[in-house]
Amino acid sequence: LVTWTVMINALAQHGHVDEAKRVFDSMRERDRVSWTAMLTAFVDNGRLGDARNLFAKMPERSIFSETAMLTALAREGLIDEAKNLFDSMLERDMISWTAMLVAYADNKMIEEAELVFRTMPERDLVSWNAMLAGYAQNGQFDEAKRLFARMREKNMISLTAMASAYAQNGDLESTKKIFDRMPERSLVSWNTMLSAYAQTGHIEEAKALFYAMRESNLVSWNTMLSAYTASGNIPEARSLFARMKEWDFISWTVMLVAYSQQGLVEESKQVFDEMQERDLASWNAMLSAYAINGHIETARNLFGAMEERDQISWNIMLCAHSRSGNLENAKNLFDLMREHDLVSWNAMLSAYSQNGHLEYAKSIFDRMQERD
RNA sequence: AGAGGCACUGUUUGCAG
């Protein structure tokens with residue numbers, strides 16, 4: 001039984017989910033461990049539907065399978081379902097509480113995450129790290145710093161998370177200070193340092209670090225790629241892109257955006273067309289390429305052709321109309337949107353002000369729930 | 001002896017910077 005379960009894990013880790021499922025189906029007996037192993041096999045390979053079916057069919061749930069399912073739901077943005085599952089759990093341990101914390105943080109619900117962190121019965125280093133990363137990833141830099149200062153125990157992950165928060169804030173010096181003082185560094189830590197150089201335009205340092213790294217992965221290559229594109233160095237970016245062994249959505253999108261930022265929409269479109277598969281962010285990037293380069297009609301058509309749209313897609317169109325002073329279109333879009341975030345409100349604010357409706361702009365401003 | 005939680009890269013936010 002154990003051997004078979006190990007097999008499922010191994011197969012799933014190499015992306016052979018269907019093989020894993022065949023092994024699972026052929027097992028004479030299964031225990032809770034093998035059920036959970038199969039569940040995470042689906043989850044790790046992005047098969048939420050299968051994971052749900054399996055979860056529904058499980059003879060007995062355990063805290064393991066429930067936590068795994070909770071995380072899977074949250075990663076798909078199904079935070080309400082994740083919360084319901086959490087509430088229905090018969091027992092919860094530190095891991096499931098932390099999973100719930102992360103579920104909120106991943107869905108940008110930082111206050112809820114905070115509440116979980118404060119109310120959970122006990123916290124270990126992972127919980128602290130999760131809260132720290134939650135702050136950092138949601139742009140709550142001061143909160144991150146404060147929490148970091150309060151931590152009585154820190155490991156490599158805590159240090160890397162804090163370094164990353166500094167990097168995001170453009171504070172190269174502090175990032176480097178943490179990095180240099182780290183007792184041990186993982187590839188992720190190195191990538192974080194690389195990213196700090198990239199974001200602050202220190203190309204030479206980025207390059208030196210990149211080539212000095214003992215090992216590198218796709219994230220390192222993508223980061224180096226964005227170091228070049230962020231500084232407008234398309235030729236170097238192209239050459240690096242050509243030397244890459246593998247590419248993911250991010251690599252392609254970085255190139256697409258680079259062209260768009262130089263006003264080279266045709267080149268962006270070429271990149272887009274060369275992509276074998278596209279995710280929503282790459283569609284949005286293409287949409288934005290048209291929108292910010294004055295091809296609003298083309299953007300509109302693309303928007304209409306998209307199978308899936310998120311808040312960002314809508315904002316791109318809204319901002320395009322707002323920028324071009326088309327108040328009516330902006331307003332229509334705004335009314336059609338399900339949700340309005342800061343970006344959408346700002347776009348409307350700017351549209352009204354541009355058209356001389358200052359008082360109305362003021363009234364929008366007063367109605368905004370969040371401001372920055 | 002086998003299963004669940006944490007860190008790194010891309011897409012939207014102005015006539016100011």
Side-chain angles (χ1 to χ4, degrees), chain A residues 1-9 31-41 43 62-71 93-103 105 124-134 136-137 155-165 167 186-195 198 217-227 229 248-257 260 279-289 291-292 310-320 322-323 341-347 349-350 353-354 372:
Chain A
L1 181 59
V2 174
T3 318
W4 291 85
T5 309
V6 172
M7 186 99 110
I8 292 176
N9 285 326
D31 62 4
R32 296 189 305 186
V33 178
S34 39
W35 278 92
T36 309
M38 192 60 233
L39 184 69
T40 47
V43 172
S62 66
I63 194 165
F64 286 81
S65 59
E66 289 173 322
T67 307
M69 195 65 222
L70 190 162
T71 299
D93 59 8
M94 202 156 44
I95 295 186
S96 42
W97 278 96
T98 306
M100 193 63 233
L101 188 169
V102 172
D124 65 0
L125 183 54
V126 174
S127 328
W128 282 84
N129 287 343
M131 192 66 244
L132 178 66
Q137 287 155 1
N155 63 8
M156 180 173 62
I157 294 192
S158 336
L159 295 170
T160 307
M162 195 61 226
S164 170
S186 69
L187 179 52
V188 174
S189 325
W190 284 88
N191 287 341
T192 302
M193 193 60 239
L194 184 62
S195 171
N217 61 9
L218 188 48
V219 174
S220 331
W221 286 80
N222 286 341
T223 307
M224 195 57 226
L225 200 60
S226 70
T229 63
D248 63 4
F249 293 129
I250 297 186
S251 336
W252 287 95
T253 308
V254 169
M255 289 308 295
L256 193 163
V257 171
S260 160
D279 66 354
L280 185 50
S282 51
W283 279 91
N284 285 340
M286 192 64 238
L287 191 65
S288 173
I292 60 178
D310 63 3
Q311 181 76 28
I312 294 184
S313 333
W314 284 89
N315 283 340
I316 290 168
M317 293 310 295
L318 182 63
C319 293
S322 163
R323 251 192 309 270
D341 61 8
L342 245 180
V343 177
S344 346
W345 284 102
N346 283 339
L349 203 53
S350 146
S353 337
Q354 265 181 71
D372 62 1

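Labels below follow one simple rule: chain letters A, B, ... track the order of the sequence lines, proteins then strands, and each chain is numbered from 1.
Here A:Trp4 pairs with nothing under the ring pair (Phe, Tyr, Trp, His ring centres under 6.0 Å) rule; sequence neighbours left out. For A:Ala347, the side-chain contact (heavy atoms from CB on, under 4.5 Å) partners are A:Leu318, A:Cys319, A:Ser322, not counting sequence neighbours. For A:Ser288, the side-chain contact (heavy atoms from CB on, under 4.5 Å) partners at least two apart in sequence or on another chain are A:Ile292, A:Ile316. For A:Trp221, the side-chain hydrogen bond (donor to acceptor under 3.5 Å, both in side chains) partners are A:Ser216, not counting sequence neighbours. Annotation: side-chain contact (heavy atoms from CB on, under 4.5 Å) contacts of A:Asp31 (sequence neighbours excluded): A:Leu1, A:Val33, A:Ser34. For the side-chain contact (heavy atoms from CB on, under 4.5 Å) test, residues two or more places apart in sequence or in another chain that qualify with A:Ala161 are A:Leu132. A:Asp279 pairs by the side-chain hydrogen bond (donor to acceptor under 3.5 Å, both in side chains) definition with A:Ser282, not counting sequence neighbours.
Judged by distance alone, with hydrogens and angles left aside, A:Asp248 brings no side-chain donor or acceptor close enough to the base of B:rG10 to form a pair under 3.5 Å. In the interface, the side chain of A:Asn284 is not paired with the base of B:rG10 through any donor and acceptor atom under 3.5 Å apart. In the interface, the side chain of A:Asp93 is not paired with the base of B:rG5 through any donor and acceptor atom under 3.5 Å apart. Residue side chain A:Ser127 reaches the base of B:rG5 through a donor-acceptor N/O pair under 3.5 Å, judged by distance alone. For a distance-only test at 3.5 Å, the side chain of A:Thr3 fails to qualify as a donor-acceptor partner of the base of B:rA1.
When heavy atoms are screened at a 4.0 angstrom cut-off, A:Asn155 is found touching no nucleic acid atom at all. Among the atoms of the strands shown, only primed sugar atoms or phosphate atoms (P, OP1, OP2) are found under 4.0 Å from some heavy atom of A:Ala68. At a threshold of 4.0 angstrom between heavy atoms, the contacts of A:Val257 are confined to the sugar-phosphate backbone, with no base atom among them. Within 4.0 Å of A:Val219, counting heavy atoms only, lies at least one base atom of the nucleic acid. Among the heavy atoms of the strands lying under 4.0 Å from A:Ser186 is at least one base atom, whether or not backbone atoms are also near. A:Ile63 comes within contact range of at least one nucleobase, with a heavy-atom separation under 4.0 Å. Nucleic acid contact class of A:Met94 (heavy atoms, under 4.0 Å, all strands): base. Using a 4.0 Å heavy-atom distance criterion, A:Thr223 is classed as a sugar-phosphate-only contact. Across all strands, A:Asp124 comes closer than 4.0 Å to base atoms (heavy-atom distances). Using a 4.0 Å heavy-atom cutoff across all strands shown, A:Ala347 reaches no nucleic acid atom at all.
Of all nucleotides listed (B:rA3, B:rU9, B:rU13), B:rA3 comes nearest to the side chain of A:Ser62. Listed nucleotides B:rA7, B:rC6, B:rU12 differ in distance to A:Val188; the shortest reach to its side chain belongs to B:rA7. Ranking B:rC6, B:rG10, B:rG2 by closeness to the A:Val126 side chain, first place goes to B:rC6. Of the candidates B:rC8, B:rA3, B:rG5, B:rA3 carries the atom nearest the A:Val33 side chain, counting heavy atoms from C-beta on. Minimum atom distance to the side chain of A:Thr40 is reached by B:rG4, of the listed B:rG4, B:rU11, B:rG5. Of all nucleotides listed (B:rU12, B:rC6, B:rG2), B:rC6 comes nearest to the side chain of A:Ile157. Of the candidate nucleotides B:rG10, B:rU13, B:rA7, B:rU13 has the atom nearest to the side chain of A:Val343. Here the nucleotide nearest the side chain of A:Ser96, chosen from B:rG2, B:rG4, B:rU12, is B:rG4.
Looking at A:Ser195 and A:Thr223, their side chains never bring a donor and an acceptor atom within 3.5 Å of each other. For the residue pair A:Ser186 and A:Ser189, a side-chain donor N or O sits within less than 3.5 Å of a side-chain acceptor on the partner.
Here the closest heavy-atom approach between residue A:Thr229 and residue A:Val254 is recorded as OG1-CG1, 3.6 Å. Closest non-hydrogen pair, A:Leu225 versus A:Ser251, comes out as CD2-O, 3.7 Å.
Contact annotation: A:Gln137 reaches the phosphate of B:rC8 (side-chain N/O to OP1 or OP2, under 4.0 Å).
Put simply, CG on A:Asn129 is 11 Å from P on B:rC6, counting in whole angstrom units. When rounded to the nearest whole Å, the span between CG of A:Asn9 and C1' of B:rG2 equals 7 Å. Taking atom CZ of A:Arg32 as the reference point, atom P of B:rA3 lies 14 Å away to the nearest angstrom. Atom CG of A:Asp341 is separated from atom P of B:rU11 by 16 Å (rounded to the nearest Å). The interatomic distance linking A:Leu256 (CG) with B:rG10 (P) rounds to 15 Å, in whole Å. Summarising the geometry, the separation between CD1 on A:Ile250 and P on B:rU9 is reported as 9 Å, rounded to the nearest angstrom.
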Expected rows: protein N/O vs nucleotides 15-17 of chain B N/O, under 3.5 Å:
none

Dot-bracket for RNA chain B, 5' to 3', Watson-Crick and G-U pairs with both distances under 3.5 Å, [ ] for crossing pairs, | for partner on another strand, reads .................

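With C1' as the reference atom, B:rU11 and B:rA7 are 22 Å apart, rounded to whole Å. For the C1' atoms, the distance linking B:rG17 with B:rU13 amounts to 15 Å, nearest Å.
Using a 5.5 Å limit on the distance between ring centres and a 30° limit on the angle between planes, the aromatic ring of A:Phe64 counts as stacked on the six-membered base ring of B:rA3.
Remark: side-chain polar atoms of A:Thr67 are paired, donor with acceptor, to backbone N or O of A:Ile63 under 3.5 angstrom.
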